[in-house]
Amino acid sequence: MTMSGGVAPPTFEEVQGGGLTGSDRPRRVGSGWGRRLLTVVAVCIYIYLFLPLLNIIVYTFNDPKGRYNLSWDGFTLANWADPFKDAELTSAFLRSLQVAGIAVLVALVMGSMVAIALSRYRFTGNKVTEVFLVLPLTTPEIVLGASLYQLFLGRNVVLGFSTVTIAHIMFLVSFVALTVKARVRGFDWTVEDAAMDLGASPTRTFWKITFPLILPGILAAALLSFALSMDDYIITDFTKGEFSTFPIQVNNQFRVSFPPQVNVLATIVLIVSVLLLVLTSVRGDRSSVTTR
Amino acid sequence: MARRATADDRGLRKSKWAPYGFLSPGIIWLVLFFLVPVGILLKASLSTKPSRFEEPVFDWNFSNFSTAFGDYGTEFVRSFVFAGIATLLAILIGYPLAYWIATRGGRWKNFLIGLVVVPFFTSYLIRTIAWTSILQDDGPVVALYRLLPWVGADGRILATPMAVIGGLTYNFMSFMILPIYVSLEKIDFRLTEAAADLGSTPWGAFRKVVFPLSLPGVFAGSLLVFIPAAGDYLNNRYLGSPQTSMIGTVVQNKFLVQFDYPQAAALSIVLMVIITAMVLVYSRFLGTEGLAV
C-alpha cells in the first residue's frame with residue numbers, strides 16, 4: 001500500500017478493532033430513508049474503489065490485437081495458461097518479492113524493537129523519538145528518494161538491489177514502529193513480572209509471554225508493510241539504477257507494450273491478499289464472539 | 001487521538017540502557033538513510049554544477065532557490081491546487097464510507113475496513129494504468145461524459161487536470177478513509193441519542209456532535225492524502241499531459257534525466273519545507289498520534 005510508501009496508512013491494529021469502544025451491533029443513527037441512502041452511497045464508493053481492480057481482473061481475459069492490453073478485443077484464457085510468458089516481467093516480479101521479503105523482515109525486527117522501547121520504558125528522549133519516527137512518513141516520497149539518490153551518488157555506491165532494499169527498510173521501519181506501538185499501547189507489562197516470579201528466565205518470558213502478545217500487531221504490520229513495499233514506485237525510481245522491480249519494469253515496458261501478463265501477476269497478488277484478509281477477519285470474528 | 005503515556009500504562013519499566021538498546025538499530029538506520037541524506041540534499045541545493053558532466057561544487061549558491069520560485073512557481077501552485085482539490089474530494093468520498101462502516105458495519109466491520117486496504121495490494125502504477133483503460137477516449141465512461149451539455153462530441157478526460165486530480169484522489173483515498181474510521185470508531189454513539197432526547201434532529205446531532213469529534217481523523221487523513229499527492233508525478237505521467245505537469249514531474253526529470261542536481265535538490269527542499277511547516281502547524285494543534293497511523 002502506497003502508498004505509496006511515504007506515508008503509512010492508519011494503524012491497522014486500531015482499525016482492526018483492538019480495544020474499541022462501541023458495540024459490534026449496527027447502530028441506529030438517523031432516519032430510515034437517510035440510512036438507506038447512506039448504504040447506497042457506501043456501495044457506490046466501494047464500486048468506485050474496486051473499479052480499477054475489476055478492470056485489471058477483466059483484462060486478464062482479454063486477447064489484445066496490439067501490444068497494449070488496454071482496450072477489449074476478445075475473450076481468451078491463454079493469459080492464465082501462461083502467466084509467466086514474459087520473462088522480463090516475471091523476473092522483475094520475483095525481484096519485487098525478494099526486495100519486499102528482505103525489507104519487511106528487517107523492518108519488522110527493527111521497528112518492533114523501537115515500538116517495544118517506546119511503549120515499555122520511560123526514558124529521556126521519548127517524545128523526540130516519536131516525532132522523529134513520524135517525519136519519514138510526513139516527508140514526500142520524492143524527497144526521501146531524491147535525498148537517498150544524492151547520498152548514494154556522493155559515495156559512489158552502485159544503485160541496484162541493495163540500495164532499493166535499504167530504501168524500503170527505511171520507510172518501513174517508521175511504519176512498523178508506529179503500527180506495533182499502537183497495538184502495544186496500554187499493554188500490561190506486569191504479566192512479565194508474573195512469569196518471572198514463577199521462575200521463567202527473561203528470554204523464556206519474552207518468547208512465551210511478550211512475543212505472543214505483540215504478535216498480532218507484528219503480523220498486521222507485516223501484511224501492510226509487504227503491500228507498501230510491493231506498491232512503491234517513487235522511492236524505488238530514485239534508488240534503482242539499472243535494477244527494476246515489478247512496477248518499474250511495467251513502466252519501462254509501457255513505452256513499447258503492456259502485456260496481459262501484468263494483469264495476471266497483479267491479480268494473483270490480489271487474490272492472495274484478499275484470501276489473507278478473509279482468513280484474518282474470520283478469525284477476528286470468532287475471537288470477538290468468544291470474548292463477548 | 002493522543003493518548004499520552006501516563007501512569008496508567010501498567011508496569012512501565014525504568015531502565016537506564018535497555019530502551020536505547022531496543023531503539024538503536026531502527027533509529028541508527030533512520031539517521032543514516034533519512035536524516036543524513038536530507039542533510040546531503042540540503043547541501044546539494046546550495047551547490048553549483050558547472051556543466052552536465054561535472055561534479056557539483058558547494059558554494060552557498062542561493063540562486064537555486066530563487067530559480068525554484070521564479071521558474072517553477074506555476075508547477076508548485078498547480079501541485080498544491082491539485083493536491084488540495086484531491087484532499088477535499090477524498091474527504092467528500094471517504095467520509096460517508098468510513099461513517100457507514102463505523103455505524104452500520106456490525107460484525108463485518110473488520111472485513112469491510114479491510115476491503116478499503118485491498119487496492120494497495122495491486123501496485124499503484126498498475127491501478128493508474130487501469131484508469132487510463134477505463135477513461136480511454138472511445139470507452140463507455142467518456143461516451144457518457146460527452147452527453148453532458150457543456151462537453152463537446154470530442155470531449156476527453158485523459159490528459160486533462162480532471163484526470164490527474166481524479167487519479168490523485170483515487171490513489172490516496174484509503175489514507176483518508178482509515179483515520180476517519182478510527183476516529184469515528186472511538187465515538188460513543190449514545191451521544192446522538194442524548195442529542196435526540198434534547199430535541200436535536202439526526203442531521204443536527206451529526207453536525208454538532210459526531211462530526212466535530214471525528215475531526216482529528218479528517219485532519220490526519222487530509223495530511224496523509226495531501227503529502228503524497230503534492231509530490232506525485234506518476235498520475236500526471238499516465239493521466240495528464242505536459243500542461244498538467246506537477247512539481248514532482250520537474251524534480252524527477254531534473255534528477256534522473258537532466259542530472260541538474262542542485263536545482264532539483266532546491267525544488268525538493270522547498271517542497272519539503274512547505275509540507276513540514278504544514279505538519280508542524282497540524283501537530284501543534286492535534287499532536288502526532290493521529291498520524292501514527
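These figures come from a predicted structure and were not determined experimentally. Letters go in sequence order (proteins before strands), and every chain restarts at 1.
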Below 6.0 angstrom between ring centroids: does that apply to Tyr20(B) and Phe123(A)?
yes
Given a strict heavy-atom distance threshold of 4.5 Å, which part of Ile275(B) is in contact with chain A: side chain, backbone, both, or neither?
side chain
Would you please classify the geometry between the Phe152(A) ring and the Phe33(B) ring as parallel, tilted or perpendicular, with 30° and 60° separating the classes?
tilted
Using heavy-atom distances under 4.5 Å, tell me whether Gln252(B) contacts chain A through its side chain, its backbone, both, or neither.
both
Please state whether the side chain, the backbone, both or neither of Thr169(B) comes within less than 4.5 Å of a heavy atom of chain A.
both
For Ile101(B), is it the side chain, the backbone, both or neither that has a heavy atom under 4.5 Å from a heavy atom of chain A?
side chain
Indicate yes or no for a side-chain donor-acceptor contact from Gln150(A) to the backbone of Ala44(B) under 3.5 Å, with no hydrogens or angles considered.
no
Without hydrogens or angle criteria, can the side chains of Tyr68(A) and Ser133(B) be said to hold a donor-acceptor pair below 3.5 Å?
no
Taking the inter-plane angle between the rings of Trp131(B) and Tyr48(A) on a 0 to 90° scale, is it parallel (under 30°), tilted (30 to 60°) or perpendicular (over 60°)?
tilted
Of the backbone (N, CA, C, O) and the side chain (C-beta and beyond), which part of Thr132(B) lies under 4.5 Å from a heavy atom of chain A, both, or neither?
side chain
Out of Asn251(A), Val274(A), Val262(A), Val41(A), return the one with the most heavy atom pairs under 4.5 angstrom to chain B.
Asn251(A)
Does any heavy atom of chain A fall under 4.5 Å from the side chain of Asp138(B), the backbone, both, or neither of them?
neither
Between Phe226(B) and chain A, with a heavy-atom cut-off of 4.5 Å, which part of the residue counts as in contact: side chain, backbone, both or neither?
neither
At a heavy-atom separation under 4.5 Å, does Arg237(B) approach chain A through its side chain, its backbone, both, or neither?
side chain
Are Phe34(B) and Phe171(A) near enough that their ring centres are under 6.0 Å apart?
no
Would you name the heavy atoms of Ile113(B) and Tyr46(A) that are closest together and state the gap between them?
N-OH, 4.4 Å
Can you say whether Phe206(B) sits under 4.5 Å from chain A via the side chain, the backbone, both, or neither, judging by heavy atoms?
neither
Let me know if Ile269(B) has heavy atoms under 4.5 Å from chain A in its side chain, its backbone, both or neither.
neither
Toward chain A, the part of Leu234(B) with a non-hydrogen atom under 4.5 Å
side chain
Leu112(B) versus chain A, heavy atoms under 4.5 Å apart: side chain, backbone, both or neither?
both
Side chain, backbone, both or neither: which part of Val36(B) has a non-hydrogen atom closer than 4.5 Å to chain A?
side chain
